[in-house]
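Naming convention: chains lettered A, B, ... in sequence-line order (proteins, then strands); numbering from 1 in each chain.
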Protein chains: 2
Amino acid sequence: MRWDSLEQEQCSVARTVAVIGDRWSLLILRDCFLRVRRFEEFQSRLGVTRHILADRLKKLVSFGVLRRAPYQVNPTRHEYILTQKGLDLYPVVMAIVHWGDTHMVDERGRPLLHEHKNCGKMFDPVMVCSECGEPIIAKEVHVHAGPGAATGTAEEIAAREAARAR
Amino acid sequence: MRWDSLEQEQCSVARTVAVIGDRWSLLILRDCFLRVRRFEEFQSRLGVTRHILADRLKKLVSFGVLRRAPYQVNPTRHEYILTQKGLDLYPVVMAIVHWGDTHMVDERGRPLLHEHKNCGKMFDPVMVCSECGEPIIAKEVHVHAGPGAATGTAEEIAAREAARAR
DNA sequence: ACCATATAGTTCTAAAATAGAACTGTCAAA
DNA sequence: TTTGACAGTTCTATTTTAGAACTATATGGT
């Protein structure tokens with residue numbers, strides 16, 4: 001399977017992974033949420049090669065996650081700003097941060113704390129059910145085929161996917 | 001920067017990306033949450049090469065996200081099961097699914113629907129503040145240095161990171 | 001006029017990762 | 001004894017990435 005073909009997969013994970021499923025894109029996004037906007041700043045903070053950075057920024061722009069906006073003329077220079085589509089990735093980034101904070105910290109503890117301006121407290125992100133508000137646990141979720149799936153149960157879909165892959 | 005050095009970064013995103021920051025690991029995890037457990041099933045569903053699959057499963061086991069458990073003898077065969085550390089990645093996967101459902105679906109709509117067994121309804125995952133329960137928006141969050149950061153403000157940390165990368 | 005600096009890239013080669021296919025080993029069942 | 005299922009491993013060709021150098025445009029200093 002090639003990168004390009006991921007976008008056309010009938011799975012939302014696969015389609016999202018086509019956008020953010022490489023380490024540099026995720027690290028660039030992290031920095032975007034920390035208000036980093038410019039090429040040089042991304043480059044020096046991340047230590048990514050300029051070549052790859054240019055490529056990833058271009059991709060993120062083409063996916064509509066970032067937009068490239070001029071911030072001066074003579075010479076014209078641009079910065080990279082999260083679109084609404086990009087801002088909507090915040091839960092993804094926060095979920096990743098929280099998992100890292102829980103499972104990958106060293107003895108010194110978490111590197112960053114997050115304050116919720118609304119309530120003024122340091123918080124952890126919690127994923128809850130939009131209907132009942134309870135935290136979501138994998139075992140308490142049942143999966144159904146949606147309209148975007150070819151008809152059938154999750155098992156049938158799995159079987160089709162398997163057949164297609166062969 | 002090399003893959004190995006990511007783990008030692010002082011950022012939880014970077015450390016998490018060392019584990020799940022490639023497309024195959026994320027797709028393998030998606031399948032794990034859909035109850036896929038065996039090598040052949042991952043391989044046929046994902047279309048990943050056997051070489052890469054073996055490598056990623058080994059990595060996920062070594063990170064403690066999956067465990068390799070025997071399910072028969074003669075010949076001994078193993079399956080891959082999410083550990084608690086792996087189950088804790090559910091919010092990450094769900095956040096990714098939800099973003100894909102929102103921004104990457106085609107005209108037919110989302111491929112899968114999720115039912116919360118507790119309340120019996122189809123739901124979307126929502127990320128909320130652990131303290132006040134309100135949904136989290138990027139602009140309403142302020143970042144502070146935590147104990148695992150070298151001392152200083154987020155800006156100073158950024159400056160240090162930049163200096164280190166140079 | 002000349003040089004250094006800042007910013008945002010592009011280009012080049014070597015090294016690493018991945019794709020795709022074939023092969024290995026173990027055992028059960030036909 | 002042959003076939004098939006399962007879980008890998010090995011091989012070569014292709015693609016991607018790392019690392020460094022180079023380009024382009026303009027400002028500001030001497």
Side-chain angles (χ1 to χ4, degrees), chain A residues 1-6 9 14 17-18 20-28 31-32 36-62 66-81 159 162-166, chain B residues 1-6 9 14 17-18 20-28 31-32 36-62 66-81 159 162-166:
Chain A
M1 200 194 286
R2 239 148 287 107
W3 264 119
D4 328 24
S5 61
L6 262 187
E9 284 280 311
V17 163
I20 60 160
D22 79 277
R23 57 173 168 155
W24 292 122
S25 297
L26 275 167
L27 292 171
I28 288 167
D31 272 9
C32 287
V36 174
R37 287 166 138 76
R38 298 187 187 172
F39 190 94
E40 294 295 323
E41 201 180 354
F42 286 114
Q43 201 282 318
S44 62
R45 281 174 54 88
L46 297 176
V48 59
T49 66
R50 309 175 73 77
H51 180 87
I52 298 298
L53 177 58
D55 177 77
R56 292 301 187 279
L57 289 172
K58 202 172 293 176
K59 266 185 194 159
L60 290 169
V61 169
S62 78
L66 299 179
R67 67 192 162 85
R68 188 162 171 276
Y71 69 89
Q72 73 164 41
V73 282
N74 283 341
T76 309
R77 298 201 191 288
H78 299 83
E79 55 189 4
Y80 295 89
I81 301 179
R164 198 159 40 82
R166 262 184 237 118
Chain B
M1 199 195 286
R2 242 148 285 109
W3 263 119
D4 328 21
S5 61
L6 263 187
E9 283 281 309
V17 164
I20 59 159
D22 79 278
R23 57 174 168 153
W24 292 122
S25 298
L26 276 167
L27 293 171
I28 289 166
D31 273 8
C32 288
V36 174
R37 287 164 138 77
R38 298 186 187 171
F39 190 94
E40 295 294 324
E41 201 180 354
F42 286 114
Q43 203 281 317
S44 62
R45 280 173 56 89
L46 297 176
V48 59
T49 66
R50 310 175 72 78
H51 179 86
I52 298 296
L53 177 58
D55 178 76
R56 293 302 188 279
L57 288 172
K58 202 174 291 177
K59 265 185 194 159
L60 289 170
V61 168
S62 79
L66 300 179
R67 68 193 162 82
R68 190 162 169 276
Y71 69 88
Q72 72 164 43
V73 282
N74 284 341
T76 308
R77 300 199 191 289
H78 299 84
E79 56 189 6
Y80 295 90
I81 302 178
R164 197 158 39 82
R166 262 185 238 116

Atom pair distance, as rounded to whole Å: [atom1] in [X] and [atom2] in [N]:
{"X": "B:I28", "N": "D:dG8", "atom1": "CD1", "atom2": "P", "result": "12 Å"}
{"X": "B:Q43", "N": "C:dA21", "atom1": "CD", "atom2": "P", "result": "11 Å"}
{"X": "B:K58", "N": "D:dG8", "atom1": "NZ", "atom2": "P", "result": "8 Å"}
{"X": "B:L53", "N": "C:dA19", "atom1": "CG", "atom2": "P", "result": "11 Å"}
{"X": "A:R37", "N": "C:dA8", "atom1": "CZ", "atom2": "C1'", "result": "17 Å"}
{"X": "A:E79", "N": "C:dA8", "atom1": "CD", "atom2": "P", "result": "9 Å"}
{"X": "B:E40", "N": "D:dG8", "atom1": "CD", "atom2": "C1'", "result": "8 Å"}
{"X": "A:R23", "N": "C:dT18", "atom1": "CZ", "atom2": "P", "result": "10 Å"}

Considering only side-chain heavy atoms of [X], which listed nucleotide, [options], is closest?
{"X": "A:W24", "options": "C:dT18, C:dG9, D:dT17", "result": "D:dT17"}
{"X": "A:H51", "options": "D:dT17, C:dA19, D:dC6", "result": "D:dT17"}
{"X": "B:R68", "options": "D:dG8, C:dA8, C:dG20", "result": "D:dG8"}

Residue met sooner reading DNA chain D from 5', once A:I52 and B:A54 are mapped to nucleotides: B:A54

What verdict does the side-chain contact (heavy atoms from CB on, under 4.5 Å) test give for B:R56 and B:D22, after you've listed the backbone C-alpha separation in whole Å, the side-chain angles of each residue and the deciding distance to 0.1 Å? CA-CA 10 Å; B:R56 293 302 188 279; B:D22 79 278; 2.9 Å; yes

side-chain contact (heavy atoms from CB on, under 4.5 Å) between B:F39 and B:R50: does it pass, once the steps are laid out? CA-CA 9 Å; B:F39 190 94; B:R50 310 175 72 78; 3.6 Å; yes

Describe the nucleic acid contact of A:F42 in one word from base, sugar-phosphate, nothing, applying a heavy-atom distance below 4.0 Å. nothing

Hey, does B:H78 reach any base, or is it just sugar-phosphate, or nothing, if we go heavy atoms under 4.0 Å? sugar-phosphate

Counting just side-chain N and O atoms, does A:R56 come under 4.0 Å of either OP1 or OP2 of C:dG9? no

Return no unless some side-chain N or O of A:Y80 is found under 4.0 Å from OP1 or OP2 of C:dG9. yes

How far apart are the C-alpha atoms of A:L46 and A:W24, what are their side-chain angles, what is the distance that settles it, and do they pass the side-chain contact (heavy atoms from CB on, under 4.5 Å) test? CA-CA 8 Å; A:L46 297 176; A:W24 292 122; 4.2 Å; yes

Its contact letters, B for base, S for sugar-phosphate only and - for none at protein heavy atoms under 4.0 Å, make nucleotides 23-30 of chain C read ---BSS--

Would you check, one step at a time, whether the test side-chain contact (heavy atoms from CB on, under 4.5 Å) holds for B:I28 with B:Y80? CA-CA 10 Å; B:I28 289 166; B:Y80 295 90; over 6 Å; no

Distance (rounded to the nearest 0.5 Å) between B:L60 CG and B:D55 CG: 9.5 Å

Qualifying residues under side-chain hydrogen bond (donor to acceptor under 3.5 Å, both in side chains), relative to B:R67, sequence neighbours excluded: none

Within 45 degrees of the ring normal and closer than 6.0 Å to the centroid, is that where the cationic atom of A:R38 sits relative to A:Y71? yes

